[in-house]
Amino acid sequence: MNDLKQYLASHDESEMHPSEIAKILKNLSDSEFSEAIKLVPKDLVGDVALALPDRLFDDVVENLSVDELSHAVTELESDDQLEFMQGLEEVDEDVASKVYETLDEEDKEEIAQLQQYEENEAGAYMQLEVFTANEDEIVQDVIKRFAKLRKENELENVQNLFIVDSKNRLLYTVGLDDLLIFDFSKTIRENIEASEDSFEPIKAYDREDIKEVVHYFEEYDLSVMPVVNEEGVLLGRITSDDIYDIINEQATEQMYNLAGVDDEAEEDEDVLKAGRKRASWLGINLLTAIAASFVIGIFADTINSMVALAVLMPIVASMGGNAGTQTLTVVVRQLALGDISQGDALRIIKKEVFIALMNGLLFAIIMGLIAWIWFDIELLGVVIGLSMVINLFMAGFFGATIPLMLKYLNIDPAIGSTVILTTVTDVVGFFSFLGLAQYILL
């Protein structure tokens, strides 16, 4: 609590950063948080709330009145207003409804406009606040208008000027640095026509998948991107801070999915909900473990006749599982980043199989020698060596093939991949090792 008071006392409101305040609030106890959130300047409450984890966003809602929440919403940009209202609805629909009714008509219209988009569509992430100019405007007039709006805090984080025609269709994108070297006495169109630079806009469509927009930002190193509809009419813009959030969300989702965990359930404070989601994947894993155990059961007599097999058996499955996970992780991540094109499947599979075989041969020699020396059975080293080559080959092949196949079927490659792969490496590992042992040693 004292840290927050010191921070607020040592900074003017214009110098305060919401993320710094959120960082301090996260370290407070529940009782301290209830008092501290009321000390946060009203104009910053909305930004601070969005910078907090979901569990603390709930506490913000519980400790503020409808009027305070309404003021917090009005101070946010349109895309953040939508995010705040969606979070508010998840916490308390009644409070969310009351807050919505207190907003002015312009804010209501903007929120309603953004709510029409699905979660995966670019339009759901755009800000409606944009600075535009007509192609026939004099540059000097545009700069004066921009300066006035900026002084009145009507505009924030403006890096580009969007040039539109009389029907608000996007024509060009001009950076502020380019605008400053234009001839101020001429129109924007005259300056663009006289320039050797290209001002062709890199734009996103409002119904376009947000994952594609993320790739545009990465490919063209953008800080902002205009959003248009099918007719080319400018609707809004997406800024890099939103893209960073989306990238983090996607990375978290993939990491959770690879572990068989639901990202939404884990962010929820409901222990039973998270437990049920985890249990579903553990149930599937139990069935795959039974399948592997069934393979071991087939060779029960073989294991009983040579104790060394029981000692070495987990090594083969473990090496295959780890090799497969390496391949799986690399391929899933490359798919997410868009580094693998449609015609790349065969190249990726060949590469991963070659790496798996190379490592398989290396560790087959090492483990073969260890097994031979350990149990003084020369052929036992041959058995575990051959089995390791077979299992690592299968791990490389299926580690690459499974996510590529899921992607082809329009299923998130991270979902279920690990469970399928573990089943393959366990079953193949046990079957190859015990089968070879029965054929060669007994």
Side-chain angles (χ1 to χ4, degrees), residues 18 46-47 49-51 72-90 96 100 103-134 146 149-150 153-165 167-176 199-251 253 338:
D47 287 308
L50 292 178
V73 174
T74 59
E75 291 300 314
L76 295 171
E77 294 177 329
S78 52
D79 59 330
D80 291 331
Q81 285 183 335
L82 175 63
E83 184 180 351
F84 192 99
M85 290 303 299
Q86 288 174 335
L88 196 55
E89 287 176 1
E90 291 176 5
Y100 184 78
L103 300 177
D104 60 40
E105 289 304 315
E106 184 179 354
D107 285 335
K108 287 181 180 179
E109 289 175 7
E110 290 181 347
I111 291 171
Q113 181 179 343
L114 294 175
Q115 280 178 328
Q116 67 177 308
Y117 296 103
E118 298 293 333
E119 186 179 1
N120 65 320
E121 292 179 334
Y125 299 87
M126 67 181 176
Q127 294 176 3
L128 300 177
E129 299 88 357
V130 291
F131 182 59
T132 62
N134 190 277
F146 172 75
L149 291 172
R150 188 67 189 89
N153 288 322
E154 293 294 324
L155 295 171
E156 290 183 5
N157 301 321
V158 177
Q159 299 92 9
N160 296 90
L161 172 66
F162 300 128
I163 313 303
V164 296
D165 63 13
K167 295 183 179 179
N168 205 42
R169 288 177 298 201
L170 180 65
L171 300 175
Y172 308 103
T173 298
V174 178
L176 294 186
F199 297 95
E200 187 74 21
I202 299 171
K203 57 185 180 292
Y205 290 92
D206 59 336
R207 297 293 180 180
E208 195 168 3
D209 193 312
I210 190 62
K211 290 181 180 179
E212 294 300 318
V213 178
V214 170
H215 290 155
Y216 295 150
F217 270 82
E218 294 172 338
E219 184 177 354
Y220 297 103
D221 194 24
L222 302 174
S223 57
V224 65
M225 175 179 279
V227 181
V228 300
N229 62 15
E230 290 182 353
E231 287 75 38
V233 175
L234 181 65
L235 301 177
R237 64 174 186 163
I238 295 178
T239 54
S240 56
D241 60 321
D242 295 313
I243 296 299
Y244 297 147
D245 291 338
I246 295 166
I247 290 173
N248 286 332
E249 289 172 7
Q250 290 176 351
E253 183 181 354

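Rounded to the nearest 0.5 angstrom, Leu50 CG and Gln81 CD are separated by 10.5 Å. The structure places CG of Asn134 at 9.5 Å from CG of Asn168, a figure rounded to the nearest 0.5 Å. For the atom pair CG (Leu170) and CD1 (Ile163), the distance works out to 9.0 Å, reported to the nearest 0.5 Å.
Partners of Asp47 according to the side chain to side chain contact (heavy atoms under 4.5 Å, CB included) rule, which considers only residues two or more places apart in sequence or in another chain, are Pro18, Leu76, Asp80. Remark: Phe199 pairs with Phe182 by the ring-ring contact (aromatic ring centres under 6.0 Å, His included) rule, at least two apart or across chains. Residues passing the side chain to side chain contact (heavy atoms under 4.5 Å, CB included) test with Asp104 are Glu106, Asp107, sequence neighbours excluded. Listed by chain and number, the residues in a side chain to side chain contact (heavy atoms under 4.5 Å, CB included) with Glu109 amount to none (sequence neighbours excluded). Remark: Lys211 pairs with no residue by the salt bridge (Lys or Arg N to Asp or Glu O under 4.0 Å) rule, at least two apart or across chains. Here Tyr205 pairs with nothing under the side chain to side chain donor-acceptor pair (under 3.5 Å) rule; sequence neighbours left out. For Arg150, there are no side chain to side chain donor-acceptor pair (under 3.5 Å) partners, not counting sequence neighbours. Under the rule for a salt bridge (Lys or Arg N to Asp or Glu O under 4.0 Å), Glu200 has no partner lying at least two apart in sequence or in another chain. Shown here are the ring-ring contact (aromatic ring centres under 6.0 Å, His included) partners of Phe131, two or more places apart in sequence or in another chain: Phe146. In terms of the ring-ring contact (aromatic ring centres under 6.0 Å, His included) criterion, Tyr125 has no residue partners (sequence neighbours excluded).
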Could you give the side-chain donor-acceptor pairs of residues 231-239 under 3.5 Å, partners two or more places apart or in another chain?
unit_1: Arg237; atom_1: NE; unit_2: Gln127; atom_2: OE1; d: 3.1
unit_1: Arg237; atom_1: NE; unit_2: Glu129; atom_2: O; d: 3.4
unit_1: Arg237; atom_1: NH1; unit_2: Asn157; atom_2: O; d: 2.8
unit_1: Arg237; atom_1: NH2; unit_2: Gln127; atom_2: OE1; d: 3.0
unit_1: Arg237; atom_1: NH2; unit_2: Glu156; atom_2: O; d: 2.8
unit_1: Thr239; atom_1: OG1; unit_2: Asp241; atom_2: OD1; d: 2.3
unit_1: Thr239; atom_1: OG1; unit_2: Asp242; atom_2: OD2; d: 3.2

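Nearest heavy-atom pair across Ala122 and Ile210 is CA-CD1, 4.1 Å. The shortest non-hydrogen separation linking Ser78 to Met126 is OG-O, 4.2 Å. Minimum interatomic distance between Asn229 and Asp206 (heavy atoms only, all atoms of both residues): CA-OD1, 3.6 Å. Residues Met225 and Leu222 come closest through the heavy atom pair CE-CD1, 3.2 Å. Gly46 approaches Ala72 most closely through the heavy-atom pair N-CB, 3.7 Å. Nearest heavy atom pair, residue Pro201 against residue Tyr172, reads CD-CA, 4.0 Å.
Just one residue in the list Gln115, Glu110, Gln113 forms a side chain to side chain contact (heavy atoms under 4.5 Å, CB included) with Leu82, and that residue is Gln115.
Each side chain to side chain donor-acceptor pair (under 3.5 Å) pair with one or both residues in residues 216-227, not counting sequence neighbours, appears once here: Glu208-Tyr216.
Side-chain contact between Ile202 and Thr173: absent, with no pair of heavy atoms (C-beta onward) separated by less than 4.5 Å. Side-chain atoms of Leu103 and Ile111, non-hydrogen and from C-beta on, do get closer than 4.5 Å to each other.
Residue Gln116 places its CD atom among more than 12 non-hydrogen atoms of other residues, nucleotides or ligands, all under 6.0 Å distant.
Judged by distance alone, with hydrogens and angles left aside, the side-chain atoms of Glu212 form no donor-acceptor pair with the main-chain N or O of Asp209 at under 3.5 Å. Between the side chain of Glu89 and the main chain of Gln86, no donor-acceptor pair closer than 3.5 Å is present.
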